[in-house]
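All values below come from the heavy atoms of this structure, side chains included, with hydrogens, waters and symmetry mates left out.
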Amino acid sequence: MLHHRFGRDAVLILFALTLFVSAFLLFWVQLMVAKMILPLLGGSPAVWNTCLCFFQTVLLLGYAYANLLTEKLKVRAQILMHGLVLLLPLPLLPIALRQDWVPLSPAMPLLWLLMLLLVSVGLPFFVVATSAPLLQRWFAQLDHPDSDDPYFLYSASNLGSMLGLLSYPLLIEPGIALTQQRDSWAIGYLILTGLILGCGYCLWRFQGKLSSLEPSSEVVPLQEPPTLLDQGRWLVLAFLPSSLLLGVTTYLTTDIAAIPLFWAVPLAIYLLTFILAFARQPPFSHRRLLAGLPLLLTALVLFLLLKVVRPAILILPLHLVGLFAVAYLFHSELAERRPSPRYLTQFYLWIAVGGVVGGMFNAIAAPLLFSTVLEYPLVLVLSLLLLPCLNREAPPSGLRLTLPLSLGLLFGGLLIGFSAGNWSHGLELLVSLALLAAIVPIFQLKPLVWITGGVLLLLLNQFSISSLGGILTTQRSFFGVYQVLQEQRTNLHTLLHGTTVHGMQSFEPGRQREPLTYFSPRGPIGQVFSALAAPSSGTKVAPTPPARVAVLGLGVGTLIAYAQPGQTWSFYEIDPVVETLASDRRYFTFLADAPVSAQILRGDARLRLQEAAEQSYDLIVMDAFSSDAIPVHLITREAMQLYLHKLSQQGLIAVNITNRFLKLEPVLAALAMDLKLTALHQYDRLPSSAEETNAQSSSHWVIFARNAEDLAGLDTDPRWQPLTPQPGVYLWTDEYSNLLQILRP
């Protein structure tokens, strides 16, 4: 008997371990491939959202395969068939991006990104993605004492997902170069293949035998096949948390805090809700969360619409708590509505469908349909309307009080910002009402609920704060949401991407060509242009003013205010919307009023710069921000070597490293030491009163030269200090980088 019990336990451990390893590899490869792709499209959160959407879609295909396999083939045929499928990715390992692919037009990066993912990682990811539903179904067919409810294994799978997610930025990325990561993942895939074949062997040998050792005391009768209504509810209950995950990620990483790797936190919370909801003993009940959630969701919607982002230490946790509460409630509802193991793969298939629909809605449809991140408050409102449907018993008394109160507060708040002249958003309203119309019959919402929901969505889509704060325009692209603001008192125009200022211009008489913010004449970059135009008398060699200037990152075109007749200027800009806004005289006139005509080259700066001839530029300025995060691939050794090839022998490289969250000077110091360059830096810190009065900003700049003589006397300026390496911060390359080392405390 002891031997038999050991055999049962060993089989359970084998299946749990296999599910854990498959989920770990599943998230490891997502993060690894995203890191490989980010250099091609910059550091926009949309790149990660699109990758996540792709992986959700392939996950759906994997679940569909598992469902088809278990429905159409007998057990032993399933094992043989899947054994062959496991061998298919082996010729493609280790995973690598297609080197012959280059991004298409910046106006359509999404399609290119999806195709690159498909040809590079689609098949290996698909095969690993089949594991979760297939192995649980196999375990259910073992007739093991625990096989009458194998859904608890889903927690083991999601635990592997979470550890894969968290271990990558904390352990794998800082400690292993990309080449070694790819090789290690390939070894992990071989181990997974062996584990899955071991599970297949157990099913082949012991199907129907383990149950005879000690029959289960509980027998779950075979339920009726799921109805279309059941399937629709599964889809919606998976769709809303999936959409909410991406909505929170986009909002937090652009509007609250553009902290590197912060997108991993919402995803970890999302996975945690799955673990808790499908555990044998969930730690929370519906009733405890339902009562207070309406007030929280109402507050989040109003904060979103009113652009309340401070204090971040309070607002940020509220969004994460809202994500946890909604995702846990909906995933718990999924767990309660799970069918018998006979329909397990079908159940997971519909969960995957909901995840894909949520991902596509946020990553693909929303940037095309919505001019702002409307998808986030929209899903919050829909979630609020569904709360009474999440408890099969009578709604808790607290919910009966807080839900009407929340709906009333939300109605009043939206009514205050209602803009009758905002009907240009008719498509957005149509999409919002279509989502509500799809949910109404699935959850059989009462007329009062869906009528209230329709009114709220109407007000949500017509809400506008432009009359309160001088918003001249709001435009959205694949790379984010941009706003041009006008300050009436000082007549300043500001371009915002999330909470990051991309440029500012004064329209006061006599100040229209004055560089502001990080680029002021008294600041570091102003000193560089001044020194190059008129070197100090103490310099041994008077360098020639730069005749050819390249700027990586357009912003509003501020730097061209330093242009002199006869010079050539080239701006490299990845986002067409930024070019459109900077070129529109209604918003900014730096480009239009410049004494030279600027060439604007669309695309990733590093890729487009490769097309330039050797020694094409005398000065290269890097100001490639993406919501406060400089793309990593622009400050690696390979990137710096490229800049040097395109730079004249006496040329300079200036890098804007102003950043709230990253301390980048040690990284650039390691580059200077490796490439034997002279490097100086200056942190120009201004009091807040000066920033407000003169529209200038504190800034931190680094300049590189091959020789100190080329610095036009800046090496003797006490404001500029040598850049010194920091122990423990190693050279960044295309294969290795470690953001955690340089996070500011």
Side-chain angles (χ1 to χ4, degrees), residues 258 490 492 494-497 499-506 511 513-536 538-539 546 549 551-563 590 619-625 627-630 634-635 652-669 671-672 677-705 708 710-724 726 742 744-745:
T490 58
L492 286 171
T494 304
L495 176 62
L496 283 180
H497 179 201
T499 58
T500 300
V501 175
H502 276 247
M504 185 181 294
Q505 183 176 10
S506 172
R511 295 193 66 191
R513 292 201 59 199
E514 179 185 344
L516 303 176
T517 64
Y518 319 104
F519 316 107
S520 67
R522 61 159 303 281
I525 192 62
Q527 297 166 26
V528 171
F529 277 101
S530 176
L532 292 176
S536 64
T539 57
V549 180
V551 183
L552 280 56
L554 174 61
V556 301
T558 307
L559 283 175
I560 205 169
Y562 291 106
F590 283 118
L619 174 64
I620 297 177
V621 182
M622 193 177 78
D623 184 41
F625 284 86
S627 284
D628 217 39
I630 295 178
L634 295 182
I635 49 175
L652 298 181
I653 299 173
V655 184
N656 185 357
I657 62 170
T658 310
N659 201 286
R660 291 172 290 180
F661 305 107
L662 295 177
K663 188 178 180 181
L664 290 165
E665 54 266 37
V667 177
L668 299 188
L671 283 174
L677 302 175
T678 298
L680 304 176
H681 77 107
Q682 180 183 161
Y683 181 26
D684 181 36
R685 179 178 294 177
L686 297 175
S688 58
S689 57
E691 294 188 6
E692 294 177 2
T693 303
N694 302 317
Q696 299 178 2
S697 303
S698 299
S699 63
H700 196 174
W701 287 81
V702 174
I703 53 173
F704 295 94
D710 302 324
L711 290 170
L714 293 176
D715 54 325
T716 61
D717 188 330
R719 294 172 295 182
W720 290 89
Q721 297 297 317
L723 199 60
T724 56
Q726 178 177 313
I742 60 171
R744 294 187 185 278

**Q** In chain order, what residues pass the ring pair (Phe, Tyr, Trp, His ring centres under 6.0 Å) check against F704, with sequence neighbours excluded?
**A**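 Not a single residue meets the ring pair (Phe, Tyr, Trp, His ring centres under 6.0 Å) criterion with F704.
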
**Q** Please name all residues satisfying side-chain contact (heavy atoms from CB on, under 4.5 Å) with A563, sequence neighbours left out, ordered by chain then number.
**A**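 By the side-chain contact (heavy atoms from CB on, under 4.5 Å) rule, A563 matches I560, Q567, W569, P595, V596.
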
**Q** Check I525 against A654 and note the closest heavy-atom contact, atom names and distance.
**A**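 That closest heavy-atom pairing would be CD1-CB, 4.0 Å.
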
**Q** With the side chain counted from C-beta on, respond yes when W701 and Q527 share a heavy-atom pair under 4.5 Å apart, and no when they do not.
**A**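 Result no, sub-4.5 Å side-chain heavy-atom pair not found.
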
**Q** Give me the atom names and distance for the closest heavy-atom approach of A705 to L711.
**A**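 Nearest pair, atom of A705 first, then L711: CB-CD2, 3.7 Å.
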
**Q** Check F519 against Y562 and note the closest heavy-atom contact, atom names and distance.
**A**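 Here F519 and Y562 meet closest at O-OH, 2.6 Å.
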
**Q** Please list, chain by chain and in numerical order, all residues satisfying salt bridge (charged side-chain N to carboxylate O under 4.0 Å, His left out) with R513, sequence neighbours excluded.
**A**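 R513 satisfies salt bridge (charged side-chain N to carboxylate O under 4.0 Å, His left out) with no residue once adjacent residues are dropped.
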
**Q** So, for Y518 and S698, which heavy atoms are closest and what is the spacing to 0.1 Å?
**A**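 Heavy-atom minimum between the residues: CD2-O, 3.8 Å.
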
**Q** Can you check whether I653 reaches M622 side chain to side chain, under 4.5 Å on heavy atoms?
**A**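 They are not in contact (no side-chain heavy atoms under 4.5 Å apart), so the answer is no.
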
**Q** Apply ring pair (Phe, Tyr, Trp, His ring centres under 6.0 Å) to H700 and list each qualifying residue two or more places apart in sequence or on a separate chain.
**A**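 Testing H700 for ring pair (Phe, Tyr, Trp, His ring centres under 6.0 Å), a comparison that skips the adjacent residues, returns H681, Y683.
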
**Q** Of all residues at least two apart in sequence or in a different chain, which pass the salt bridge (charged side-chain N to carboxylate O under 4.0 Å, His left out) check with E514?
**A**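 E514 satisfies salt bridge (charged side-chain N to carboxylate O under 4.0 Å, His left out) with R511 only.
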
**Q** If every non-hydrogen atom of P546 is compared with every non-hydrogen atom of L532, which pair is closest and at what distance?
**A**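 It is CD-CB, 3.7 Å.
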
**Q** Using the test side-chain hydrogen bond (donor to acceptor under 3.5 Å, both in side chains), find all partners of R522 that sit at least two apart in sequence or belong to another chain.
**A**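 Per chain and number, R522 pairs via side-chain hydrogen bond (donor to acceptor under 3.5 Å, both in side chains) with D684.
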
**Q** Are the side chains of S530 and P521 in touch, meaning some heavy atoms are under 4.5 Å apart?
**A**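 Side-chain contact under 4.5 Å: no.
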
**Q** Nearest heavy-atom pair of T558 and L516: which atoms, and what distance?
**A**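 Where T558 meets L516 most closely, the heavy atoms are CG2-N, 3.9 Å.
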
